[in-house]
2 protein chains.
Amino acid sequence: MGIIRKTKAVKILLDLFENEFSAILAVDLVERLKNEMNKTTVYRALDRLEDEGIIHSFVGKNGLKWYAKCKNNCTSGHHNDVHPHFECKKCKKVMCLPVEVTIPNIPNHTIDNTAVFITGICDNCND
Amino acid sequence: MGIIRKTKAVKILLDLFENEFSAILAVDLVERLKNEMNKTTVYRALDRLEDEGIIHSFVGKNGLKWYAKCKNNCTSGHHNDVHPHFECKKCKKVMCLPVEVTIPNIPNHTIDNTAVFITGICDNCND
DNA sequence: AAATTAATGCAACGGCGTTGCGAAAGAATA
DNA sequence: TATTCTTTCGCAACGCCGTTGCATTAATTT
């Protein structure tokens, strides 16, 4: 807990997420890094990075796992931003939208976590 | 397109969803019906029911597929209700919430579909 | 009843993600 | 630097969900 060990895998992944603004599919990471590290290593390093609140994960429509960089000081266990994730049908990119989604009050329910997944066409492809 | 064939599988499934208010995991359906039909049949019949707009599906946090009955005259291809799905951490049930979630306008984006998945504690377990 | 179309069962597969375990790498102590 | 301890890595194998191909059976059409 606290400082994360900067292993080879962690360094490579951090670098990757630093230069990537859209979310990345876990399987794509495995593929892209297959010459540098084993797939098990990728998954375990992702787990650690998520535990530390450096990245966050979510599941797409097809059940595949996406990872993206956290921007709002998330900590282990709790992620601050409840932002939607947007998947463009054209360019296939998935991005975190800098927008707050407010969930209407639901009587007698305790809300713990909210995931919003939107599909459509992004601004880049809309020209 | 149009009228769905009332095969054995479809009848059983329709009956099941009629008497079930919470969503059902696809794998649970396969398990519950394993003496009456093959797992392939279950998945294929679910596909057809969804195509006809009788049920709708969504993916949970762990990537598993859920099915629930449609209530708002959905048609093939398009499902009318953008309601959240709520998973209770205690009783593990997943229900469709009768609430509209409004997504804030996102400049230059064309929204096609929205999925909201909430976890927490439901009213039944909150006493 | 015969012919056509659609649904079913079975077995095998594909893909994502996980686990167990021995080997290697990194941190800590001296 | 040498020794010990802890964490990570690689490999192989696995578990599971959902899908596909194909031959069989059931339902619809004529």
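Order of the sequence lines sets the chain letters (A, B, ...), proteins ahead of strands, with each chain counted from 1.
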What is the separation between atom [atom1] on [X] and atom [atom2] on [N], rounded to the nearest whole Å?
X	N	atom1	atom2	value
B:Glu36	C:dG9	CD	C1'	15 Å
A:Glu52	D:dT7	CD	P	13 Å
A:Lys34	D:dG10	NZ	C1'	17 Å
B:Asn62	C:dT18	CG	C1'	14 Å
B:Asp47	D:dG18	CG	C1'	10 Å
A:Asn38	C:dC21	CG	P	17 Å
B:Glu50	D:dT19	CD	P	11 Å
A:Asp51	D:dT8	CG	C1'	15 Å

Audit row: A:Glu20, A:Ser22, side-chain hydrogen bond (donor to acceptor under 3.5 Å, both in side chains) steps and yes/no: CA-CA 6 Å; A:Glu20 183 65 64; A:Ser22 44; 2.9 Å; yes
Sugar-phosphate only, base, or nothing, as touched by A:Ala45 at under 4.0 Å among non-hydrogen atoms: nothing
Sugar-phosphate only, base, or nothing, as touched by A:Lys8 at under 4.0 Å among non-hydrogen atoms: sugar-phosphate
Residue whose closest nucleotide on DNA chain D lies nearer the 5' end, B:Lys65 versus B:Arg5: B:Lys65
Closest-nucleotide 5' rank along DNA chain D - winner of B:Val27 and B:Lys6: B:Val27
Whether [X] contacts [N] is assessed here as follows: a side-chain N or O lying under 4.0 Å from the phosphate OP1 or OP2. Is that the case?
X	N	answer
B:Thr41	C:dG9	yes
A:Tyr43	C:dG17	yes
A:Thr7	D:dC9	yes
B:Arg48	C:dA7	yes

Heavy-atom donor-acceptor pair, B:Asn113 side chain to A:Thr119 backbone, under 3.5 Å: no
Any donor-acceptor N/O pair, B:Asp123 side chain to A:His109 backbone, under 3.5 Å: no
Heavy-atom donor-acceptor pair, B:Arg44 side-chain to D:dG18 base, under 3.5 Å: no
hbond_proxy A:Lys39 side chain to C:dG17 base (donor-acceptor, 3.5 Å cutoff): yes
Pair A:Ser57, A:Glu50: side-chain N/O donor-acceptor within cut-off below 3.5 Å: yes
Ion pair A:Glu18/A:Lys69, N-O distance below 4.0 Å: yes
Of A:Ala26 and B:Ala9, the one whose closest DNA chain C nucleotide lies more 5': B:Ala9
